[in-house]
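Input: a single structure, listed below in C-alpha cells.
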Amino acid sequence: NIPVVVHVIWNQNHQNISEEQIQSQLDVLNEDFRKRNPDRLTSNHPFSAITDDVQIEFCLASLGPNGEMTSGITRSKTNKVSWNDDNYDDIFFSNRGGKDNWNPDLYLNIYVVEGDGETLGFASFPDELEDYREYDGVVIDHRVFGRTGTAGSEDFEGAMGRTATHEVGHWLNLWHIWGDEFCGDDKVGDTVPAEEDNYDCPTFPHRPNNECGSGPNGEMYMNYMDYVDDACAVMFTKGQSNRMRAVLSGLRGQLQNANGCNASTAVYDESWANSLIIHPNPTSGGEVRIWMDNPSQQEIQIQIFDMQGRLISSTPLSASVILDDLKKGLYLVKISSAYRFATKKL
C-alpha cells in the first residue's frame with residue numbers, strides 16, 4: 001500500500017478539481033495495478049497468460065509528514081495560467097508557484113495541473129531520487145486525471161485515467177516498451193520487442209514478425225507503457241510486475257515503512273491520548289517508558305516515528321515500552337488498534 005498525496009495546483013476554478021475526480025483516479029490505479037480493470041484481456045487472448053496482478057495498491061494518505069491527520073490532498077492557487085516546458089520545474093516549489101513535495105521516501109506525490117495540451121504527464125524515475133529528490137513525483141494534466149469531472153473534456157475525450165497508470169509505472173522503474181529507440185530494450189524480458197511507440201488503437205495483431213522479432217502476434221501495444229489510447233491500454237506483464245516490486249526493496253524501499261495509509265479506518269480517540277503516558281518527556285537521554293494509564297482490552301500497537309514520517313520502531317503494547325537508543329530530536333508516539341488511535345510528541 002503506497003500513500004499518495006495529490007497536489008492540486010490551480011489558477012482557474014475549473015482546474016481546482018473535485019475530490020470525486022481525485023478518488024476516481026485512485027480507483028483506476030488500483031484497478032490497473034491489481035488486474036481488476038474490467039477491460040483486461042480475455043483468457044483466450046495470446047498475451048493473457050503473461051498479464052499480472054502487480055499487488056501494489058494506492059491510498060490517499062491519511063497521515064501527513066508530521067503525523068497529522070490529512071485528506072491526502074493539498075490545494076495551491078498559482079499565478080501560472082498553465083504549465084509548459086519553460087516552467088515545469090516550478091511545479092515542485094511552493095515559492096515558485098507550485099508546491100513542495102512531501103517526503104518522497106514515504107509518499108507518492110502526484111501533481112495535478114493544466115499543461116500545454118501536448119504533454120499529458122511525466123514522472124521521475126527511482127534512480128533520480130538521491131540527487132533530485134525535490135523533483136520526485138508524477139505530474140498529470142487535470143484533463144486526463146481520473147474519469148470524471150474535467151477528465152475527458154475538450155480534446156481529451158478518451159481519458160480514462162491511464163495517463164497516471166503509465167506515469168506511475170515510470171515512477172516504479174518501468175521504461176516504455178520500445179525502450180525509447182528503434183527496437184530498444186525496456187529492461188523486461190516478457191514484453192514483446194517493439195519497433196517504436198504506438199498511438200491510437202491498433203488492430204491485433206499489430207506489426208507481426210516485426211524487425212525486432214515480435215513473432216506472429218505482433219507488438220504488445222495494449223501494454224500500459226505504450227502510447228495508445230486509454231481504451232486500448234489494459235495490461236502489465238509478469239516481468240513488469242516483478243520490476244516494479246523489486247524497486248520497493250531497492251531505491252524506493254523506504255515505502256515499506258510508510259505509515260500514511262494506516263489511519264484510514266481508525267478515528268482519533270482523545271481519551272486514549274489522555275491515558276498515554278510518556279516519562280520522562282522531554283528527556284535529556286537515557287531510558288524513556290511508555291504505557292497506558294487505563295489499559296484497554298483491545299490489541300494495541302505502539303509505533304515511533306521521526307518527524308519525517310519514518311517508522312523507527314513498532315511493537316505490541318502489553319505493559320510498558322522502554323526506549324533507550326533514540327537520537328536527539330522530536331518524535332511522534334502513536335498507539336493504535338483497528339478502530340482508533342492517539343498520538344503524542346516525545
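In terms of heavy-atom proximity, N173 sits nearest to P126 at OD1-CD, 3.6 Å. For the pair I50 and D190, the tightest heavy-atom approach, listed with the atom from each and the gap, is CD1-O, 3.4 Å. Nearest heavy atoms, S153 versus R143: OG-CG, 3.7 Å. Scanning all heavy atoms of the two residues, the minimum distance from A151 to F145 falls at CB-O, 3.4 Å. Closest of all the heavy-atom pairs between T70 and I73 is OG1-N, 4.4 Å. Here the shortest heavy-atom pairing between N11 and Q15 reads N-OE1, 2.7 Å.
Counting heavy-atom neighbours within 6.0 Å of E157 CD, excluding the residue itself, gives a total above 12. Around CZ of F182, the count of heavy atoms belonging to other residues, nucleotides or ligands within 6.0 Å exceeds 12. The environment of E19 atom CD is sparse: at most 12 non-hydrogen atoms of other residues, nucleotides or ligands sit within 6.0 angstrom. Annotation for H14: atom NE2 counts as buried by contact number, over 12 foreign heavy atoms lying within 6.0 Å.
You'll find the ring centres of Y135 and F93 inside the 6.0 Å limit. Proximity of the aromatic rings of H7 and Y111 is defined here by a centroid distance below 6.0 angstrom, and this criterion is met. Ring-centre distance between Y227 and Y221: not below the 6.0 Å cut-off.
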Just do the ring pair (Phe, Tyr, Trp, His ring centres under 6.0 Å) check on H45 and F204 with the steps written out, would you?
-> CA-CA 10 Å; H45 193 285; F204 181 85; 4.6 Å; yes
request  = Begin from the C-alpha positions of K35 and D53 and carry the test salt bridge (Lys or Arg N to Asp or Glu O under 4.0 Å) through to its verdict.
outcome  = CA-CA 5 Å; K35 196 182 170 183; D53 172 2; over 6 Å; no
Q: With side chain to side chain contact (heavy atoms under 4.5 Å, CB included) as the test, would you mind laying out the steps for T119 and D141 before giving the verdict?
A: CA-CA 8 Å; T119 301; D141 193 299; over 6 Å; no
field: Test log, rule side chain to side chain contact (heavy atoms under 4.5 Å, CB included), inputs I140 and F122
entry: CA-CA 7 Å; I140 307 290; F122 58 91; over 6 Å; no
Note to self: side chain to side chain contact (heavy atoms under 4.5 Å, CB included), that's the test. Do V188 and W175 meet it? Break it down for me.
What the structure shows: CA-CA 9 Å; V188 176; W175 289 44; over 6 Å; no
### Message
salt bridge (Lys or Arg N to Asp or Glu O under 4.0 Å), that's the test. Do E31 and R162 meet it? Break it down for me.
### Response
CA-CA 11 Å; E31 289 170 8; R162 261 61 189 269; 6.0 Å; no
May I have the step-by-step check of side chain to side chain contact (heavy atoms under 4.5 Å, CB included) for I2 and F33, ending in yes or no?
CA-CA 12 Å; I2 295 179; F33 278 79; over 6 Å; no
Practice problem: Kindly determine whether D136 and R252 satisfy salt bridge (Lys or Arg N to Asp or Glu O under 4.0 Å), including the steps that lead there. | Solution: CA-CA 11 Å; D136 191 78; R252 297 202 185 277; 3.0 Å; yes
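Annotation: side chain of Q55 is not in contact with side chain of S241 (no heavy-atom distance under 4.5 Å). Using a 4.5 Å heavy-atom threshold, the side chains of S313 and I304 count as touching. Proximity of N223 to Q240: side-chain heavy atoms (C-beta onward) are separated by under 4.5 Å at one or more points. Residues D52 and F236 are not in side-chain contact: their nearest non-hydrogen atoms beyond the backbone lie 4.5 Å or more apart. D186 has its side chain out of reach of W178: every pair of non-hydrogen atoms, C-beta onward, lies at least 4.5 Å apart. In this structure the side chain of K334 never reaches within 4.5 angstrom of the side chain of I302, judged on heavy atoms. Residues N37 and V234 meet the side-chain proximity criterion, which asks for heavy atoms closer than 4.5 Å. Counting heavy atoms from C-beta on, the side chains of Q301 and I335 never come closer than 4.5 Å.
Side-chain atoms of T283 do not come within 3.5 Å of backbone N or O of P280 as any donor-acceptor pair. Side-chain N or O atoms of N30 include one that pairs as donor or acceptor with a backbone N or O of L26 at under 3.5 Å. One N or O on the side chain of D230 and one on the backbone of G161 form a donor-acceptor pair closer than 3.5 Å. Between the E128 side chain and the F125 main chain, a donor and an acceptor come within less than 3.5 Å of each other. Side chain of H166 to main chain of Y224: a donor-acceptor pair is present (N/O by atom type, distance under 3.5 Å, no hydrogens or angles). Side-chain N or O atoms of N281 include one that pairs as donor or acceptor with a backbone N or O of K345 at under 3.5 Å. Without hydrogens or angle criteria, Y107 side chain to G64 main chain gives a donor-acceptor distance under 3.5 Å. When atom types are taken as modelled, the side chain of T237 and the backbone of T191 share no donor-acceptor pair closer than 3.5 angstrom.
When the options D127, D100, D105 are evaluated for a salt bridge (charged side-chain N to carboxylate O under 4.0 Å, His left out) with R133, the one that passes is D105. Results of the side-chain contact (heavy atoms from CB on, under 4.5 Å) test with M222 over D39, L41, V228 single out L41 as the only residue that passes. For the side-chain contact (heavy atoms from CB on, under 4.5 Å) test with L172, the passing option among V54, I56, L251, L108 is I56; the others fail.
In the model, N16 has a side-chain atom that pairs as donor or acceptor with a side-chain atom of R75 under 3.5 Å.
Residues V288 and L276 are members of one and the same hydrophobic cluster, defined by side-chain heavy-atom contacts under 4.5 angstrom among Ile, Leu, Val, Met, Phe, Trp and Tyr. Hydrophobic clustering places V112 together with V4 (ILVMFWY residues linked when any side-chain heavy atoms are closer than 4.5 Å, directly or through intermediates).
In this structure, I277 belongs to a hydrophobic cluster whose other members, linked by side-chain heavy atoms under 4.5 Å apart, are W291.
Residues meeting the side chain to side chain donor-acceptor pair (under 3.5 Å) test with E219, sequence neighbours left out: N198, R207, N210.
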